[in-house]
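In what follows, a single structure is set out as structure tokens and then discussed.
Note: hydrogens, waters and symmetry copies are ignored here, and every other heavy atom, side chains too, is used.
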Amino acid sequence: MSKFMDRTNNVDPSVDRGHKISMRGISGVQQVLVFSGSKGGVGKTTTMINLAKTLKLQNFRVGIIDLTGSAELFLSASTCSESTSQKPRELSGISIVSQVHLKQNKITPPASTSHLKNWLLDIFDQTAWGKLDFLFIDVPTGNMELALFLGEILPRCLFLPVTTPAKASISALRQDIRLLQAHQLSVHGLIENMSFFICEDSENPLELIGIFSAGGGQRISEETKVPLLCTIPIMTDISIATEDEKPVCEQFPDSDALAYYQDLAHQVLPTHEASKINPGPL
């Protein structure tokens, strides 16, 4: 039996379903993590992909539902397998269903939020994900309606909002967290990306004074009682890998940047599983 309880009575009435909602496709999924937010440009997808690859390299089974069409770009150059309508693609060892793949196969991807909801329900019902430790869902920026929908039908899912220290990003994050909390949804913790700049010629990180305000993530954490899971800096390796649309662990397998994503992996794993992550020096 699926670990995700049926909340049919709470589902948005705009979702047209002629049968009872089924979650049989994800019955083998242990945990769903939802990446969503109102502010673009914060590195949400980049953070998700690097976390997914970090967990995969530690032998955790990871899947991704790519609702933005961006996640697959980071994995598209990797070894992949063919897929069917009822089986995800395998990209670099990660199972993925993406809007990019739909377009490549001349299938019209869902456009409106209502169509996205129906598409998601079909994925949860019909796509054979098999046994996964994590299923990541990358929600389009600004579509908090879709995020709330996921929280309604997947009551055990956890939200992982990503922010930068910039004032506009922090303001949007505050509203998103309050909205999720108002609907009694679980915000596992927040991630502050581009928190500071590490100059390779210096032993001390340099805060981006004059570009981003420092400490925004910590202030929101204290205000909302949501843990600040980690702060990820701007580093040359991360920037180059992102520009090349590759996970940093593939582009630079010996990079010091990997330690930050390993630390984040610790934060999303249950205590008895976190010990499996090989720590790196920060």
Side-chain angles (χ1 to χ4, degrees), residues 2-4 23 25-36 43-67 70-81 83 87-98 123-124 127-139 150 154 156-162 186-191 193 227 229-230 232 238 241 246-282:
S2 171
K3 293 190 175 185
F4 300 99
M23 298 293 171
I26 58 172
S27 61
V29 175
Q30 296 300 308
Q31 184 63 67
V32 176
L33 297 177
V34 178
F35 292 77
S36 64
K44 171 171 63 71
T45 300
T46 303
T47 302
M48 182 191 74
I49 288 293
N50 281 302
L51 174 59
K53 283 296 299 183
T54 298
L55 290 166
K56 176 59 185 176
L57 289 176
Q58 299 294 334
N59 297 318
F60 292 97
R61 298 160 298 186
V62 183
I64 294 175
I65 298 177
D66 177 18
L67 298 177
S70 300
E72 182 161 334
L73 298 177
F74 283 85
L75 303 172
S76 59
S78 306
T79 302
C80 68
S81 67
S83 67
K87 184 179 180 181
R89 299 180 82 189
E90 288 289 330
L91 295 178
S92 192
I94 294 177
S95 301
I96 183 168
V97 171
S98 170
I123 290 174
F124 295 149
T127 302
W129 290 95
K131 293 186 179 299
L132 293 178
D133 296 298
F134 293 97
L135 178 60
F136 292 178
I137 304 179
D138 193 11
V139 177
L150 287 167
L154 301 173
R156 291 183 65 254
C157 74
L158 302 177
F159 287 83
L160 281 177
V162 180
S186 299
V187 184
H188 182 63
L190 60 94
I191 302 163
N193 196 30
L229 299 183
C230 70
I232 301 173
I238 297 176
K246 294 181 180 179
V248 68
C249 59
E250 290 186 356
Q251 184 86 324
F252 302 106
D254 298 320
S255 174
D256 291 339
L258 303 186
Y260 292 92
Y261 297 109
Q262 289 167 349
D263 181 49
L264 177 57
H266 270 286
Q267 304 301 322
V268 302
L269 286 168
T271 303
H272 68 283
E273 294 283 1
S275 61
K276 297 180 182 179
I277 295 290
N278 293 324
L282 292 178

Closest non-hydrogen atom pair, Ser92 against Lys53
OG-NZ, 2.6 Å
Would you say that Val97 contacts Pro88 through its side chain, given a criterion of any heavy-atom pair below 4.5 Å between the two side chains?
yes
Looking only at heavy atoms, what is the nearest atom pair of Leu57 and Cys249, with distance?
CD1-SG, 3.7 Å
With a 4.5 Å cut-off on side-chain heavy atoms, are Ile65 and Trp129 touching?
yes
Spatial distance of atom CD1 (Ile137) from atom CG (Leu150) [nearest 0.5 Å]:
4.5 Å
Please check: side-chain N/O of Gln31 versus main-chain N/O of Arg156, any donor-acceptor pairing under 3.5 Å?
yes
Between Cys157 and Ser186 the two heavy atoms that sit nearest each other are O-CB, 4.0 Å
If you round to the nearest 0.5 Å, how far is CG of Leu91 from CD1 of Ile96?
5.5 Å
Does the His188 side chain pair with the main chain of Gln267, one donor and one acceptor, at a distance under 3.5 Å?
yes
Could you tell me the separation between the CG atom of Leu229 and the CD1 atom of Ile191, rounded to the nearest 0.5 Å?
6.0 Å
Member of Val29, Leu269, Val32 meeting the side chain to side chain contact (heavy atoms under 4.5 Å, CB included) criterion with Phe134:
Leu269
What residues, two or more places apart in sequence or in another chain, satisfy side chain to side chain donor-acceptor pair (under 3.5 Å) together with Ser255?
Asp237
What I'd like to find out is whether the side chain of Phe159 reaches to under 4.5 Å of the side chain of Ser36, using heavy atoms alone.
yes
Checking Asp66 side chain against Ala71 main chain: does a donor-acceptor pair fall under 3.5 Å?
yes
Taking it one step at a time, do Ser95 and Glu90 satisfy side chain to side chain contact (heavy atoms under 4.5 Å, CB included)?
CA-CA 5 Å; Ser95 301; Glu90 288 289 330; 2.5 Å; yes
Are any non-hydrogen side-chain atoms of Ile64 and Ile49 less than 4.5 angstrom apart?
yes
Working to the nearest 0.5 Å, report the span between SG of Cys230 and CG of Leu190.
9.0 Å
If you round to the nearest 0.5 Å, how far is CG of Leu264 from CD1 of Ile232?
5.5 Å
Rounded distance (nearest 0.5 Å) linking atom CG of Leu33 with atom CG of Leu154
11.5 Å
Side chain to side chain contact (heavy atoms under 4.5 Å, CB included) between Phe136 and Leu51, worked out:
CA-CA 10 Å; Phe136 292 178; Leu51 174 59; 4.0 Å; yes
Tell me whether Asn50 contacts the main-chain N or O of Val248 through its side chain, where contact means a donor paired with an acceptor under 3.5 Å.
yes
Taking all non-hydrogen atoms of both residues, which atom of Ala265 and which atom of Leu55 are closest, and how far apart?
CB-CD2, 3.8 Å
Backbone of Arg61 reached by a side-chain donor or acceptor of Lys131 within 3.5 Å:
no
